[in-house]
Amino acid sequence: MFQDRLQQILLPALLAGFRELYGAAPDAEKIGFQPTRPEFEGDVTINVFPFLKLSGKGPEQTANAIGDHLVKHVEAVERFNVVKGFLNIVIADAYWAGFLHEASGTDLLRFPATGRKVMVEYASPNTNKPLHLGHLRNIFLGYSVSRILQAAGNQVVKVQVINDRGIHICKSMVAWRKFGNGETPESSGLKGDKLVGKYYVEFDKALKAEVKALEAKGMAPEEAAKTAPILREAQEMLRQWEAGDPQVRALWERMNGWVYAGFNATYARAGVDFDKNYYESETYLLGKEDVLKGLEGGVFFRKADGSVWVDNTAEGLDEKVLLRADGTSLYMTQDIGTAIKRFEEYPGLSRMIYTVGNEQDYHFKVLFIILKKMGLAWADGLFHLSYGMVDLPSGKMKSREGTVVDADDLMDEVVAEARATGEQLSKLDALGTAERDALFEMIGLAALKYFLLKVDPAKRMLFDPKASIDLQGHTGPFIQYTYARIRSLLRKAEEVPVDGRRLAGQQVQPATANYQLLPEEKAVLKLLHQFPAVLNESATKLEPSALANHAYEVVKAYNAFYQSVPVLKEEDPAKQAFRLRLSSTVAAATSRALWCLGIEAPERM
RNA sequence: GGUCCCGUAGCUCAGCUGGAUAGAGCACCUGCCUUCUAAGCAGGCGGCCGUUGGUUCGAAUCCAACCGGGAUCGCCA
């Protein structure tokens, strides 16, 4: 159980109290600390209902006795009140001030090194078409999770699998050779992945035309779909590729090269990167040996036709084929081999996280069971970071119907929206063109990333383009705005002498001991105080949305503070120093939280 | 049909390791820029937490069934 700074103080005292009063302490896990609801006085609430058997007393009596004990033994506990079975504890202002003092000197959202190494896989595109909105959810999720794990003290290895071989790329290659007239990204000005995607579509068109023609001649539809010459051609090309035909390989490398250039441009703009790429062309033969070894070990079994299977019926699943009768392997085989290879290449990995859509839930369930059955010690550290599809207001994205939202186009749109709003507000006139461009890029992407990350990954989500470029309310830009505002405040505090004295925070000791917190200050401090626990939660559950939502809560509270409490205009230097420190700590934590989400924090906006 | 995921305000989502009168944002309405950035703040409107049962002192939260939406059940990837 993760204990925040306050729980570390309260819990032992609480347990001691129970022991002293009732001769026995409850299970520490059973004690739930929760924030006191705003309609009651207090900061932390403990519900004593679960402990009535232990105390043998009524709820009020128990809560009062425990409350008395805490007040007596814990300095941070100022007073308490009891409502029904709820013990509402008021924490002394000095505690919060002390917390701020401590937090301002450290990074709230950076945990000590755990010594653990974790691999996170995300993106994993096919090389026959450009990246789209679905990839963006995947990429932002995976990237954010890797950053969160890093912040939580882990060493992280970011990888992607590039599905660079197979019938899909052969289709693009055939169409390009037939209809391309030597078109290249340079000659056409098209981004490489777009160009290759264009020929994938061309292939599909040609195939459909051929099928139609065959049907017109009286061929059955299924038959026609299988025998269309252009499809045969693609299949033949795949065989040639596998045989290592130099011309096919050369074309394949050339076209994939175009695609990688395109992908890299998209990744760069999206602000994500990888430590290592795994190419399917290099891994698709892996796993066969491992499966055969498993067969010898009795983990798998062979059927009469010679195919090799795993029996997962005991786990409530089915039998699954791992090697065909002719000895060739399958997707599952490949994934087995790739996982083993990765753990060999990165010894000491304690976890491996696959960011893959929930349509593959079953696949990963089976994969993990197999690896466990093979006796691989690390199999328990495997995790499928599953996420739901992204729907459009018009329904599902379908490539065949052309309703797919292209990743590059989408980024253009959100940035354009940020620009339109920014220019309308016209408070950035002092900035140069390059600076403004960079800023709009930052804001637009923040809107997009936050929109995709604030939702629980498990849930299918609706992508409303209009809402995603919203810059107000519960959005990434709102958080950035608060950060920029604080930075501006802090710059002024350092640069601008007010009433003849400079306001740099260090020059005056912030109030601590007898400081009376304003409700607005306390609200911010309490949320700041929860930040590490939320990071821990996000890191444990591999779920950026918790952190995303909390970051919003923090800046929302800060905005309320900012609106009604003077900082630079405060005349009492100790109070002013306290508020500056509060502001700078919020700014630091906010930029760290944004960093964990893969979002940049602007100095002004 | 089997298995898995999801169902909370008009819309998009939090809350789900059980706790007090269920929260945000958007939209709509009212106020607030001679004061540190109004991409902001304050307030209003808006709910049978899919339905029914069960467990419990207590259920949006746990269990079961049902309804609705989706995914998956290839010797495809």
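Values below: all heavy atoms of this structure, side chains included; hydrogens, waters and symmetry mates excluded. Order of the sequence lines sets the chain letters (A, B, ...), proteins ahead of strands, with each chain counted from 1. Predicted model only: the values in this text are computed from it and were never measured.
With sequence neighbours excluded, no residue satisfies salt bridge (Lys or Arg N to Asp or Glu O under 4.0 Å) with D318(A).
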Check your understanding: Using Watson-Crick and G-U wobble pairs whose two distances are both under 3.5 Å, how do you write the pairing of RNA chain B as dot-bracket, with | for links to another strand?
Key -> (((((((..((((.....[...)))).(((((.......))))).....(((((..]....))))))))))))....

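Residue pairs meeting the salt bridge (Lys or Arg N to Asp or Glu O under 4.0 Å) criterion with at least one partner in residues 437-451 of chain A, sequence neighbours excluded, are R269(A)-E441(A), R419(A)-D437(A).
Panel note: side chain R165(A), backbone C170(A); no donor-acceptor pair is recorded below 3.5 Å.
Stacking annotation: F86(A) is stacked on the base of A20(B) (ring centroids less than 5.5 angstrom apart, interplanar angle below 30 degrees). By the criterion of a centre-to-centre distance under 5.5 Å and near-parallel planes under 30°, the ring of Y552(A) forms no stack with the base of A24(B). A distance cut-off of 5.5 Å between ring centres, combined with a plane angle under 30°, places F40(A) in a stacking arrangement with the base of A20(B).
Outside the 6.0 Å centre-distance limit, the rings of Y200(A) and H168(A) are not counted as a close aromatic pair.
Note that R342(A) lies in the cation-pi zone of Y278(A), set by a 6.0 Å cut-off to the ring centre and a 45° limit from the axis.
Across all strands, P50(A) comes closer than 4.0 Å to base atoms (heavy-atom distances).
The residues D311(A) and K320(A) are annotated as not salt-bridged, no charged nitrogen and carboxylate oxygen being separated by less than 4.0 angstrom.
Between the CD1 atom of I479(A) and the C1' atom of A39(B) there is a distance of 13 Å, given to the nearest Å. In this structure, CZ of F364(A) is placed 17 Å from P of C5(B), rounded to the nearest angstrom.
Taking every side-chain heavy atom of D361(A) into account, C4(B) is the closest of A22(B), G19(B), C4(B). Minimum atom distance to the side chain of R460(A) is reached by G70(B), of the listed C75(B), G70(B), U72(B). For W309(A), taking side-chain heavy atoms from C-beta onward, the closest of the listed nucleotides C75(B), A39(B), C41(B) is C75(B).
Counting atom types as modelled, T45(A) pairs a side-chain N or O with a base atom of A20(B) as donor and acceptor under 3.5 Å. Counting distance only, with no hydrogens placed and no angle test, the side-chain atoms of N559(A) and the base atoms of A39(B) include no donor-acceptor pair under 3.5 Å. For C75(B), the base has no donor-acceptor partner in the side chain of D326(A) [N/O atoms by modelled type, under 3.5 angstrom].
Side-chain contact annotation: T127(A) with N256(A), donor-acceptor N/O pair under 3.5 Å present.
Glycosidic conformation of C41(B): anti, with the torsion beyond 90° of 0.
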